[in-house]
Number of protein chains: 2
Amino acid sequence: MTTDAGAPRNTHQRRAVSTLLGSVEGFHSAQELHSMLRDRGERVGLTTVYRTLQGLADAGEIDVMRPPGGEHLYRRCSEGHHHHLVCRSCGSTVEVEGPAVEHWADRVAEKHGFTDVSHTLEIFGTCRDCG
Amino acid sequence: MTTDAGAPRNTHQRRAVSTLLGSVEGFHSAQELHSMLRDRGERVGLTTVYRTLQGLADAGEIDVMRPPGGEHLYRRCSEGHHHHLVCRSCGSTVEVEGPAVEHWADRVAEKHGFTDVSHTLEIFGTCRDCG
DNA sequence: GCCGACAATGAAATTGATTGTCAAAAACGC
DNA sequence: GCGTTTTTGACAATCAATTTCATTGTCGGC
């Protein structure tokens, strides 16, 4: 039995999810993405969508956001690390960057002896249109 | 047809939950809190625990954290605004403060025309003991 | 180009936390 | 104390997410 990690196989479905994420904007739930794939005529099971999204998230290729409302939202991760400013009413999102925040988070974690540090930061508010 | 908002009544159960939150440390799930109440001999239904926690959260008296794992965790909100550094393995939490981050978040949100701004920031890592 | 091993898929069933329902009980005002 | 209204709580319902497991498709070797 080879102890190799097992390379992920290049399947039609995996590519479909990846391609879809590259063509849509904003955050979408797994179920939304599944519906979109069906509309496109792609035959991908909901289970596979979840699994693929999980894999991509683990690989750091997509962002996962968990709004207070409930279901997880996924989005293609743009290069670099960034966070999101989300409107509570219309759901529009604005990408924001905060190098100082990243640095601060890492520094604080290391100060407490934590390694393999990651963090999530989400800003919620009411945008001008919805105010 | 009184349009009054309905004053919350001061019930035994509500006080039990509130008291419990004041006496425990760290974050606990609703079901954990429910079990603790039972251990204490308090007779409170799980439904009521959820409702009470929701009410307290709405009132801003407790913090709600939603770790990647799944269930919501509640904690008595200490004065002032702070965030948490959570170990992925042992679950221990460290309170951290970052006035600069607060300020940055508000400033960014306002710059984009957002009002009624709030934010969530959680740092995950592996603590020294679990590393 | 073909075969066999083994991971990936997907439909259905399961899980598990959270929420809704509604009759019974308790709290508040008078 | 009495009546009204809120609150409670056991149970059912909901819903996203995961697991299961037989089938299918890929990959690597021949």
Side-chain angles (χ1 to χ4, degrees), chain A residues 1-21 27-59 61-75 91, chain B residues 1-21 27-59 61-75 91:
Chain A
M1 87 284 272
T2 55
T3 50
D4 70 69
R9 294 188 177 173
N10 187 10
T11 64
H12 161 62
Q13 292 89 341
R14 193 174 296 256
R15 197 142 19 189
V17 172
S18 211
T19 300
L20 176 61
L21 280 170
F27 284 90
H28 300 276
S29 69
Q31 321 229 0
E32 264 182 303
L33 293 169
H34 177 239
S35 293
M36 291 184 205
L37 284 173
R38 264 228 296 247
D39 290 347
R40 281 185 164 205
E42 305 281 359
R43 189 70 71 90
V44 182
L46 178 59
T47 308
T48 302
V49 174
Y50 273 107
R51 266 191 297 234
T52 305
L53 288 172
Q54 243 173 40
L56 290 172
D58 283 348
E61 295 186 30
I62 59 175
D63 262 345
V64 184
M65 186 174 68
R66 309 184 294 104
E71 63 262 35
H72 299 188
L73 301 180
Y74 302 88
R75 180 183 188 178
Chain B
M1 62 5 218
T2 53
T3 50
D4 70 69
R9 293 187 177 175
N10 188 10
T11 65
H12 162 62
Q13 290 90 343
R14 191 174 300 253
R15 196 140 21 189
V17 173
S18 211
T19 300
L20 177 61
L21 280 170
F27 284 90
H28 299 276
S29 69
Q31 320 226 3
E32 264 182 304
L33 293 169
H34 178 237
S35 293
M36 291 184 206
L37 285 172
R38 265 227 295 245
D39 289 348
R40 282 185 163 205
E42 306 280 0
R43 188 70 71 94
V44 182
L46 179 58
T47 308
T48 301
V49 173
Y50 272 106
R51 264 190 300 233
T52 305
L53 288 173
Q54 242 175 40
L56 290 172
D58 283 348
E61 295 186 32
I62 60 175
D63 263 344
V64 184
M65 188 175 66
R66 309 184 298 105
E71 62 263 32
H72 299 188
L73 301 180
Y74 303 88
R75 181 182 187 179

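This is a predicted model, so every value here is computed, not measured. Letters go in sequence order (proteins before strands), and every chain restarts at 1.
Near-neighbour residues of DNA chain D inside residues 44-53 of chain A, defined by a heavy atom below 4.0 Å, number-ordered: Thr47(A), Tyr50(A).
Atom CG of Leu46(B) and atom CG of Leu37(B) lie 10.5 Å apart (nearest 0.5 Å).
Among residues at least two apart or in separate chains, side chain to side chain donor-acceptor pair (under 3.5 Å) pairs with a member in residues 44-57 of chain A are Gln31(A)-Tyr50(A).
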Donor-acceptor contacts under 3.5 Å from residues 10-19 of chain B side chains, at least two apart:
| unit_1 | atom_1 | unit_2 | atom_2 | d |
| --- | --- | --- | --- | --- |
| Asn10(B) | OD1 | Arg15(B) | NH2 | 3.1 |
| Thr11(B) | OG1 | Arg14(B) | N | 3.2 |
| His12(B) | NE2 | Glu42(B) | OE1 | 3.0 |
| Thr19(B) | OG1 | Arg15(B) | O | 2.8 |

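A sub-4.0 Å separation between OP1 or OP2 of dT7(D) and a side-chain N or O of Gln13(B) is absent. At least one side-chain nitrogen or oxygen of Gln31(B) sits closer than 4.0 Å to the OP1 or OP2 atom of dA17(C).
Closest to the side chain of Gln54(A), out of dA17(D), dT9(C), dT18(D), is dT18(D).
Within the helix from dG1(C)-dC30(D) to dC30(C)-dG1(D), the inter-axis angle between the opening and closing five-pair segments is 40°, rounded to 10°.
Contacts of His28(B) classified as side chain to side chain contact (heavy atoms under 4.5 Å, CB included), with partners at least two apart in sequence or in another chain: Val24(B), Glu32(B), Leu33(B), Met36(B). In this view, Arg40(B) and Ser23(B) satisfy the side chain to side chain donor-acceptor pair (under 3.5 Å) rule, not counting sequence neighbours.
Minimum heavy-atom separation, Tyr74(A) to Ser29(A): CD1-C, 4.5 Å.
We find that NE2 of His34(B) is positioned 13 Å from P of dT8(D), with the value rounded to whole Å. Atom CD in Glu42(A) sits roughly 15 Å away from atom C1' in dT9(C) (whole-Å rounding).
Residues Val64(A) and Leu53(A) are not in side-chain contact: their nearest non-hydrogen atoms beyond the backbone lie 4.5 Å or more apart.
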Please write out each protein N/O paired with an N/O of nucleotides 28-30 of chain C under 3.5 Å, distance rounded to 0.1 Å.
| unit_1 | atom_1 | unit_2 | atom_2 | d |
| --- | --- | --- | --- | --- |
| dC28(C) | OP1 | Asn10(B) | N | 3.4 |

